[in-house]
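Everything on this sheet refers to the single structure shown next.
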Amino acid sequence: QVQLVESGGGLVQAGGSLRLSCAASRSIFVTHVMAWYRQAPGKQRELVATITSGGSPNYADSVKGRFTVSRDNAKNTVYLQMNSLKPEDTAVYYCNAHELFMGRRTISDYWGQGTQVTVSS
């Protein structure tokens, strides 16, 4: 069964905005680090942002100042607000939930099915 479900992708013009959502089961949401990844055609998957259970975010340098990751604990949902979008942001965006033990990822690792973000010039 799908336990992470992304939504909010679409086609926007450069400079526009999109807000992605990732709904998770509560058992995963409260025990795992939440993250957003993306993968563009011909490129490796890259980490975009993470957010801790305490709400502390981290971002890839390429999106700092433009993207904001947040979480709503009552709704078991993580968001990625994307502003000032650029054509190079075009990719499939994936929600991820992973568990850390002493700083290392465990086998508990969940992925959404992905949502397409296309930014036209």
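In this chain, residues are counted from 1 in sequence order.
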Minimal heavy-atom distance between Ala14 and Pro87, with the atoms involved, is CB-CD, 4.2 Å
Check for me, please, whether Leu11 and Leu20 land in the same ILVMFWY cluster - side-chain distances under 4.5 Å, paths through other members count.
no
Using salt bridge (Lys or Arg N to Asp or Glu O under 4.0 Å), reason through Asp61 and Lys64 one step at a time and then give a plain yes or no.
CA-CA 5 Å; Asp61 289 341; Lys64 285 182 179 178; 3.1 Å; yes
Do you know the tightest heavy-atom contact between Tyr94 and Gly114?
CD2-CA, 3.6 Å
Residues at least two apart in sequence or cross-chain that pass salt bridge (charged side-chain N to carboxylate O under 4.0 Å, His left out) with Asp72, listed by chain then number, are none
Of the non-hydrogen atoms in Asp89 and Tyr93, which two are nearest, and what is the gap between them?
O-OH, 2.7 Å
Parallel, tilted or perpendicular for Trp111 and Tyr37, by the 30°/60° rule?
tilted
Does the pair Arg38 and Glu46 meet the rule for a salt bridge (Lys or Arg N to Asp or Glu O under 4.0 Å), with working shown?
CA-CA 6 Å; Arg38 67 185 181 186; Glu46 66 173 338; 2.6 Å; yes
Regarding Asn83 and Arg66, do their side chains bring together a donor and an acceptor under 3.5 Å, going by distance alone?
no
CE (Met82) and OG1 (Thr68) are apart, to the nearest 0.5 Å, by 11.0 Å
With the side chain counted from C-beta on, respond yes when Arg19 and Leu80 share a heavy-atom pair under 4.5 Å apart, and no when they do not.
no
Can you see whether His98 engages Ser108 through a side-chain donor-acceptor pair at a distance of less than 3.5 angstrom?
no
Is there a donor-acceptor pair closer than 3.5 Å between any side-chain N or O of Glu6 and the backbone N or O of Cys95?
yes
Pairwise side-chain contact, Leu18 with Val117, heavy-atom cut-off 4.5 Å (strictly under)
yes
pair Gln81-Ser17: side-chain heavy atoms closer than 4.5 Å:
yes
With distance as the sole criterion, is a donor-acceptor pair present between the side chains of Thr106 and Glu99 under 3.5 Å?
yes
Identify the two heavy atoms, one from Ala35 and one from Leu47, that lie closest to each other, and give their separation to 0.1 Å.
CB-CD1, 3.9 Å
Please check this pair: side chain of Arg71 against backbone of Phe29, looking for a donor-acceptor N/O pair closer than 3.5 Å.
yes
Verify the ring-centre separation between Phe67 and Trp36: is it less than 6.0 angstrom?
no
Val69 side chain near Thr50 side chain, heavy-atom distance below 4.5 Å
no
Common cluster, Val12/Val48, ILVMFWY with side-chain heavy-atom separation under 4.5 Å:
yes
Checking Leu4, Asn76, Thr77 against Met34 for side-chain contact (heavy atoms from CB on, under 4.5 Å), the one that qualifies is Leu4
Would you say the side chains of Gln116 and Thr118 form a donor-acceptor pair under 3.5 Å?
yes
Please assess Val92 against Thr115 for the test side chain to side chain contact (heavy atoms under 4.5 Å, CB included), listing each intermediate value before the final yes or no.
CA-CA 5 Å; Val92 177; Thr115 185; over 6 Å; no
Go through the steps for Val119 and Gln13 under the test side chain to side chain contact (heavy atoms under 4.5 Å, CB included), then give the verdict.
CA-CA 5 Å; Val119 184; Gln13 294 183 343; over 6 Å; no
